[in-house]
Amino acid sequence: MPSPSTVPSGVVESVFHRLVSRRATVREVESVGDAFRLVTLIGEDLEDRRWMPGDMIQIGFAGLAGRAYTPLSFDPRTGTTAFLGYVHGHGIASSWLASATLGEQLFLVGPRSALDLDAANRPMFFFGDETSFGTAAAIRATPEGMREVAFSFEVDSAEASRIALERIGVTNGVTLTPREPQDAHLDRIESDLMRALRAAPQARCVFTGKASSIQRLYKAARRAGLSAKQVTNVAYWSPGRKGFSGVQR
């Protein structure tokens, strides 16, 4: 099966990309185990662009489809950025990640505001899954860095996830919980959340990743007495649904 095209294939696409997109080239693709790819992009269009930790870029594919990623880092001086992609299933982004090549030209939108990590006070309880690893790594670029951040991830493979997280420098305060049928594993994650909130009722919660998991933890946090301002929700995906913006709610 041919890999998804990142080159505009029609008049409407070409006009759209000229108007709103930036050009970038794949400078490096590193396989991090079988399930992840660390991709570095470079381009003059990325120079002198403002980036804040938690901002996202959206890569465009043929047919005006797009997929969003949170860069681990962004250097406006050299026009380089890097993100970690999760290869799972047979979606357009996973298929591209599995076959991305050096020198390939991309069209992307951004960086644009998505999740304001600078505003997330400490202590912080950060929840997510494999699609959230890049966002977790971006916390390092905030003024307070990784200080007093507890990371909780629901994952398919704890071993593969640990390798990926170590590669991008997310190693301290990490709990990996393998998924179970009917989301039974969320009982343990919710218990961990409640324990953290009892120890620090002033904690800030950032919930990312799967929409239904976020919804459950959000309700638990509110029942525990957290105000809406203490909780940030950013759904990256939901089974059978497309078009998630990845912007905080």
Side-chain angles (χ1 to χ4, degrees), residues 3-8 13 16-17 19-26 29 32 35-43 45-46 49-74 76 79-98 100 104-118 120 126-139 141 153 164 168 170 206-214 232-249:
S3 62
S5 175
T6 54
V7 178
E13 291 177 57
F16 173 81
H17 284 299
L19 290 175
V20 305
S21 298
R22 312 192 196 286
R23 291 176 180 266
T25 301
V26 177
V29 181
V32 184
F36 298 89
R37 299 293 185 273
L38 183 58
V39 181
T40 302
L41 307 178
I42 188 168
D45 285 357
L46 302 182
R49 300 293 176 183
R50 182 177 180 272
W51 175 78
M52 299 293 290
D55 286 356
M56 67 168 50
I57 57 173
Q58 186 169 31
I59 296 176
F61 296 94
L64 298 181
R67 294 295 184 270
Y69 296 94
T70 304
L72 286 68
S73 60
F74 193 100
T80 58
T81 187
F83 67 88
L84 185 74
Y86 180 42
V87 182
H88 64 107
H90 302 285
I92 189 170
S94 291
S95 297
W96 173 73
L97 282 168
E104 181 177 357
Q105 274 209 338
L106 303 177
F107 289 88
L108 58 87
V109 177
R112 61 186 179 87
S113 178
L115 170 59
D116 187 1
L117 290 174
D118 276 353
F126 182 97
F127 168 79
D129 57 23
E130 295 93 341
T131 66
S132 310
F133 289 177
T135 307
I139 294 175
F153 299 104
I168 61 176
V170 181
V206 177
F207 300 146
T208 65
K210 185 180 178 183
S212 58
S213 299
I214 290 171
T232 298
N233 300 320
V234 189
Y236 291 157
W237 68 284
S238 183
R241 292 184 60 189
K242 299 179 181 179
F244 279 70
S245 65
V247 176
Q248 69 183 59
R249 304 297 183 191

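Computed from a predicted model, the values in this text were never measured in an experiment. In this chain, numbering begins with 1 at the start of the sequence shown.
Taking both residues in full, the closest heavy atoms of Val87 and Ala98 are given as CG1-CB, 4.2 Å, listed atom of the first, atom of the second, then distance. The heavy-atom pair separating Ile168 from Gly134 by the smallest distance is CD1-N, 4.5 Å. Closest approach of Gly54 to Ala114, counting heavy atoms only: O-CB, 3.5 Å. Nearest heavy-atom pair across Ala82 and Thr40 is CB-OG1, 4.0 Å. Closest heavy-atom contact between Ala137 and Leu72: CB-CG, 3.9 Å.
The distance from atom CZ of Phe133 to atom OG1 of Thr208, rounded to the nearest 0.5 Å, is 10.0 Å. The line from CZ of Arg22 to CZ of Phe107 is 13.0 Å long, rounded to the nearest 0.5 Å. Distance check, rounded to the nearest 0.5 Å: OH of Tyr69 to CZ of Phe83 gives 5.5 Å.
Remark: the backbone N or O of His88 is paired with a side-chain donor or acceptor of Ser94 at under 3.5 angstrom. Put simply, the side chain of Thr25 never gets that close to the backbone of Glu104: no donor and acceptor are under 3.5 Å apart.
The ring pair (Phe, Tyr, Trp, His ring centres under 6.0 Å) search around Phe127 returns none, not counting sequence neighbours. Not counting sequence neighbours, the partners of Asp118 by the side-chain contact (heavy atoms from CB on, under 4.5 Å) test are Met52, Pro53, Asp116, Thr142, Pro143. Residues passing the ring pair (Phe, Tyr, Trp, His ring centres under 6.0 Å) test with Phe126, sequence neighbours excluded: Phe151.
Checked against Tyr236 for a side-chain hydrogen bond (donor to acceptor under 3.5 Å, both in side chains), the options Thr131, Asp129, Thr135 give a single hit: Thr135.
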